[in-house]
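Below is one structure, written out as structure tokens; the observations come after it.
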Amino acid sequence: MQISHKYSLIYVITKLGLLFVYDLETATAVYRNRISPDPIFLTSEATSAGGFYAINRRGQVLLATVNEQTIVNFVSGQLNNLELAVSLAKRGNLPGAEKLVVERFHELFSQTKYKEAAELAAESPQGILRTPDTVAKFQSVPVQAGQTPPLLQYFGTLLTRGKLNAFESLELSRLVVNQNKKNLLENWLAEDKLECSEELGDLVKTVDNDLALKIYIKARATPKVVAAFAERREFDKILVYSKQVGYTPDYLFLLQTILRTDPQGAVNFALMMSQMEGGSPIDYNTITDLFLQRNLIREATAFLLDVLKPNLPEHGFLQTKVLEINLVTFPNVADAILANGMFSHYDRPRVAQLCEKAGLYVRALQHYTELPDIKRVIVNTHAIEPQSLVEFFGTLSREWALECMKDLLLANLRGNLQIIVQVAKEYSEQLSVEGCIKIFEQFRSYEGLYFFLGSYLSSSEDPDIHFKYIEAAAKTGQIKEVERVTRESNFYDAEKTKNFLMEAKLPDARPLINVCDRFGFVPDLTHYLYTNNMLRYIEGYVQKVNPGNAPLVVGQLLDDECPEDFIKGLILSVRSLLPVEPLVEECEKRNRLRLLTQFLEHLVSEGSQDVHVHNALGKIIIDSNNNPENFLTTNPYYDSRVVGKYCEKRDPTLAVVAYRRGQCDEELINVTSKNSLFKLQARYVVERMDGDLWDKVLNPDNEYRRQLIDQVVSTALPESSSPEQVSATVRAFMTADLPHELIELLEKIVLQNSAFSGNHNLQNLLILTAIKADSSRVMDYINRLDNFDGPSVGEMAVEAQLYEEAFAIYKKFNLNVQAVNVLLDNIRSIDRAVEFAFRVEEDAVWSQTAKAQLREGLVSDAIESFIRADDTTQFLDVIRAAEDANVYHDLVKYLLMVRQKAKEPKVDGELIYAYAKIDRLSDIEEFILMPNVANLQTVGDRLYDEALYEAAKIIFAFISNWAKLAITLVKLQQFQGAVDAARKANSSKTWKEVCFACVDAEEFRLAQICGLNIIIQVDDLEEVSEYYQNRGYFNELISLMESGLGLERAHMGIFTELGVLYARYRPDKLMEHIKLFSTRLNIPKLIRACDEQQHWKELTFLYIQYDEFDNAATTIMNHSPEAWDHMQFKDVAVKVANVELYYKAVHFYLEEHPDLINDILNVLALRVDHTRVVDIMRKAGHLRLVKPYMVAVQSSNVSAVNEALNEIYVEEEDYDRLRESIDLHDNFDQIGLAQKIEKHELLEMRRVAAYIYKKAGRWKQSIALSKKDNLYKDAMETASQSGERELAEELLVYFIDQGKKECFASCLFVCYDLIRADVVLELAWMHNMIDFAFPYVLQFIREYTGKVDELVKDRIEAQNEVKSKEKEEKDVVAQQNMYAQLLPLALPAPPMPGMGGPGYGGSYGPPPPVSGMGMPQMPPFGMPPMGSSY
């Protein structure tokens, strides 16, 4: 049971699907019917719909509620219960009881039961009685003294029940206003009891403007709201409100209104408009003109400065305007605006002219774009700040700037020179230094040039700049600056500067001295000073400036034939500061060296050790031949190369003396070779003991090498008694690769009983040289010499392949091992080596012999030799060789010998292997029981790999390696033992190997034992399965898997693999297995197996278990004979994710199970596209088959469903259902349906067509169809709803033509708002129907009389307002349009009366100083102060 609070009904639903509806208040039965063929097990209230939800056994969700359009008629008609019908209509505000309620109201009213009538009217369904007629009825009732007026009773009832409509609110408010009870209105508005309207606001405005404003806002009477805000001077709220409601007021009128009383408020309002979205509703220019018409320059400026901040191109005219008006009236304001740089799109030429006239020359220069204009303004330097003028030059092009500079110099050279110099300094890069220099030179202003270049000089490296600066400084008398620059600068042209200074003949020669000294013009300087008789500057230069250049001065003085006394005095005045070498060179070039004798002797006497002093003195002594040998040998200070070179052409022997003293090797070799002094050369070379010198003289390219060698061998070396000299000479011969000459030299030294005959090194060297150069002498030298290094010489002999000589050397020095190695490795005679070993009987010799035998493959002999040598070091090579030669018997003897000296795992292991190879298994068992170090595991693996299974079995059993033992036993076909060993090993790999071997041997019992231990491992399960299947043992494999199910460690893989095997080989057990173990299966793997084997029923079950509902549905539909089950498919269908499967299911059921298609569609109703389903059924031609489904889903108001059902209703001629469908569901082709049924043979169908035309706005077609079927009431209602006057009047004419007078009278009231009175009177008079038209005429006269009264009242108010406006306009008649007077040369208009104050006096003098930007006191940029005005 469910209760509908909306309709006050009780719904009783039985389990069998029966519905019983009762009235809640009276328990009267209202309705009963079956709503579901299936049992219902759950219900819930549907609060919003006033019904309930129900769920039946099929899973359908049903919504049941009353039909609001028909229930009242049903109760009053079929149940004949008028009281219940009225009660339902009032409780649920339902249609259908209008006539009953009206009749009841008139009945109560006639009985003077006004309170009951008022309650009935207040509760009337859909407010059918809450009309002006009802109010008029209560107003017409006379008021009894002492009683509450019926009208107030009516309004009181309405207020207690809810909210009054617009007419009721107006009438009630009129009563309250007349009684001056404003507080009641405020309370009712606060409680939202009144419906606000414009008329109500007008009424309340007479008593309270604030309350009226609230009513206007609620009523959305926008013009009235705007007017109210304007009256309250809340202009900012106008914009906010207009934006909120989307209203566009008359902003121009509002702004004009504000300007009359509050200029600053007008600025604020204009700025607010400018910030509106979509831009200002009034053009900025218009706003500006409004301000200027009232001479409000400051306000106009403030407004424009704010709105023009974005600096847009389209605002160029306004930018020009604001600058223009301020340049004429307040130039300082304009200057501040321009300085701010906020505008860039104004008329620059116009502004430039105004700036020039206002005396703002800098601004004028910044705005002029023509050179003549700039030249005209720029000469006013007396009124322009110099720094601003300099900055302006930075904005000009190079050509224009130079032209302006010329004009300034022409106008006032002396006065403007400083500015020009400053400009040139600042913009030298842009103007180019050459251009600036050219201007100064053009006006011959060396002073300007001097100051300009002085600032630029430090950053310039241009030689011409530096020269011009020097020139300008010289011509302006700045001698000190000339001296400084010539001394410090590195960039001037020295030659050009020197020539200029010589031509200038400055009284001070220091600048010239700086140039010549720095750049090497000392001879020219000396010549200039000597010829101009400036000898003191020569002395000063040499003594103080640069004594180092004194030699050049002396040389030039000698060329100028200066007296020697002056030169000698000059030299002596400098003394030790004078550089001797260049001085000697200068004098030597002029053959005046003797001039320096006194100077040099003076230096020597003072203890000078300067090499150049002694070189010069030596040259003088050599030239004078004053005992030069003594000087050359005793003087330690001269330069041997210099003096020797000087002596070469005069006396070569003196040169040799000088070169020997200074060890000048190259010079001495050259001079001795050139003059054939080879004996001196040989003695010098031997004494020097210098390797590089020996390399040079013994070089094959030296043509004098043979002569030198002869002198060394014959003279120089025999004369020497120094071992170092001999050693150096021998080393030099060896380095020079002269073996024959070296042998000759050594034989003379070693074999001829010299002091060096027994020298160890020389004997070694002699033999080694012979080995390299003459091997035939080697054996003789070995026999004759005893004091040489035998091992080293023997190695050299081996390297030189002199093997017999090497063997003799080793044998002579008892080096037996080296000797036998020579026999084995070089002579390659094993027999001689064996013979030599027997003779010497040394272990080392036998060992070397054994190694050689082993290399030659003589394994047995080598083993015997190793045993003789007692050598165990080579056991690895012996083992390898013995295995290759298969001599295991000999190897056993050797290994037993080795075991006595070494404990090596390799030896013991090889011994076991050798026993195995010669089949001595008992020895193996005995050996492993004895202590040993063999790696038995490795040995066993090796035996197994080489198929020595019996030996391997012994090893593995001894070391308990059960895994290896198991596979070894498998190789021996001992399967039972292998299984036992595998059990001990308990290794998966071992189990597998034994299992597979048992399978191959068809030992299935043993194989199953192994397999059970394998399949518990997931990773090995598949391998075992494949092994069985590849060999065709399917039954045995299934038996193995079934046995594995009972294992304690059974896992998912076993269950899954068994399922796969069932699918392949035992399909009859598959379904049972799946159902029993569905939770322990790997479903995806089993799905693949079932798909491969085509077990569709099982595959579907698996898909459902794995939540693969899409695949399950697809499988069921593709393989329906085996897989389809209706209940199962419904469960699956609602869970699929692929929408296309829904429609595939529709096709499937349509083809195979059409009797169940509605059931499946009802299940899928919330998931399918109803339009697509209808299209599918329409194409299939079975649309009626799914009618129950379409009725169930029609509430979704889908076009295709509506049209399909309407089509079925038309075919079935069910007009009630058709009309209900049209009313409730409007999403269909209305015109198409109307055209289809407008000619239907049933009247009700044609009426439905007319109804459709009316809903679609096809008024004429609807009326025509109603007239055709004599449905005049329908025609009149259609005409009234159309709102078209022509249709209503045409219908009147039709009724007259048809003689339907009652219909004519009815139509006048039904279409009252559309019909014109003159047409009615004309038609009634012409057709004698005045009586039928007279009620309409009375109503019309009453209505228009009331309208005229209202118009008269409005006219009187308008006249009063016009008079008020005319009075205000008279107050501003005297105002003039200030902007209209702003001609280019116009003066500001005189101030308006009443606007005096600072800056607005009666004179036209300049305005007083002000703050900010030069404007009278205002917020920055004219922005009005933002206060809280809301």
Side-chain angles (χ1 to χ4, degrees), residues 632 638-752 754 756 759 761-762 764-778 781 796 799-800:
L632 293 176
Y638 70 90
D639 188 341
S640 297
R641 281 188 176 82
V642 174
V643 176
K645 183 69 175 177
Y646 192 77
C647 295
E648 283 186 6
K649 293 182 180 180
R650 292 168 175 78
D651 188 350
T653 57
L654 293 177
V656 172
V657 173
Y659 288 145
R660 180 191 293 272
R661 175 254 184 196
Q663 294 187 353
C664 302
D665 299 337
E666 185 174 356
E667 290 80 358
L668 189 145
I669 297 300
N670 290 336
V671 72
T672 53
S673 297
K674 185 177 180 181
N675 294 282
S676 300
L677 301 175
F678 296 112
K679 185 178 291 187
L680 296 176
Q681 182 179 350
R683 288 172 179 167
Y684 176 75
V685 172
V686 171
E687 291 173 359
R688 281 282 285 125
M689 296 183 292
D690 184 79
D692 294 336
L693 181 59
W694 275 111
D695 291 342
K696 182 175 182 180
V697 297
L698 294 180
N699 194 307
D701 296 336
N702 184 8
E703 58 181 329
Y704 304 109
R705 185 176 71 168
R706 186 69 254 177
Q707 292 90 325
L708 175 65
I709 292 173
D710 292 342
Q711 291 298 325
V712 169
V713 173
S714 61
T715 304
L717 200 60
E719 291 177 354
S720 175
S721 60
S722 171
E724 289 79 9
Q725 292 181 0
V726 173
S727 176
T729 303
V730 171
R731 190 183 307 110
F733 274 73
M734 292 173 63
T735 304
D737 195 19
L738 298 171
H740 296 287
E741 289 80 355
L742 181 59
I743 291 174
E744 180 183 353
L745 178 64
L746 292 174
E747 283 183 346
K748 181 174 287 189
I749 297 173
V750 175
L751 299 179
Q752 294 183 3
S754 67
F756 304 102
N759 187 281
N761 292 328
L762 292 178
N764 287 338
L765 182 61
L766 178 59
I767 297 175
L768 293 177
T769 305
I771 289 173
K772 291 182 180 179
D774 190 357
S775 59
S776 61
R777 299 183 181 185
V778 174
Y781 290 156
M796 295 298 295
E799 291 178 1

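All heavy atoms count here, side chains included; hydrogens, waters and symmetry mates do not.
For the atom pair CG of Asp665 and CD1 of Ile669, the computed distance is 7.0 Å after rounding to the nearest 0.5 Å. Atom OG in Ser640 sits 8.5 Å away from atom CG in Leu632 (nearest 0.5 Å). For the atom pair Leu693 CG and Gln663 CD, the distance stands at 10.0 Å (nearest 0.5 Å).
The closest donor-acceptor contact from the side chain of Asn670 to the backbone of Glu666 lies under 3.5 Å. The backbone N or O of Leu698 sits nowhere less than 3.5 Å from a side-chain atom of Asn702 that would complete a donor-acceptor pair.
Across Gly644 and Ala658, no two heavy atoms sit closer than the pair CA-CB, 3.9 Å. Taking all atoms of both residues into account, the shortest heavy-atom contact from Leu668 to Val656 is CD1-O, 4.0 Å. Counting all heavy atoms, side chain and backbone alike, Tyr638 lies closest to Val643 at CD1-CG2, 3.4 Å.
Put simply, the side chain of Val671 does not reach to within 4.5 Å of the side chain of Glu667, judged on heavy atoms.
No cation-pi contact links Arg641 to Tyr646, judged by a cut-off of 6.0 Å to the six-membered ring centre and 45° from its axis.
By the 6.0 Å contact criterion, NZ on Lys696 is enclosed, its count of non-hydrogen atoms from other residues, nucleotides or ligands being greater than 12.
Applying the side chain to side chain donor-acceptor pair (under 3.5 Å) test to Ser676 and every residue at least two apart in sequence or in another chain returns nothing.
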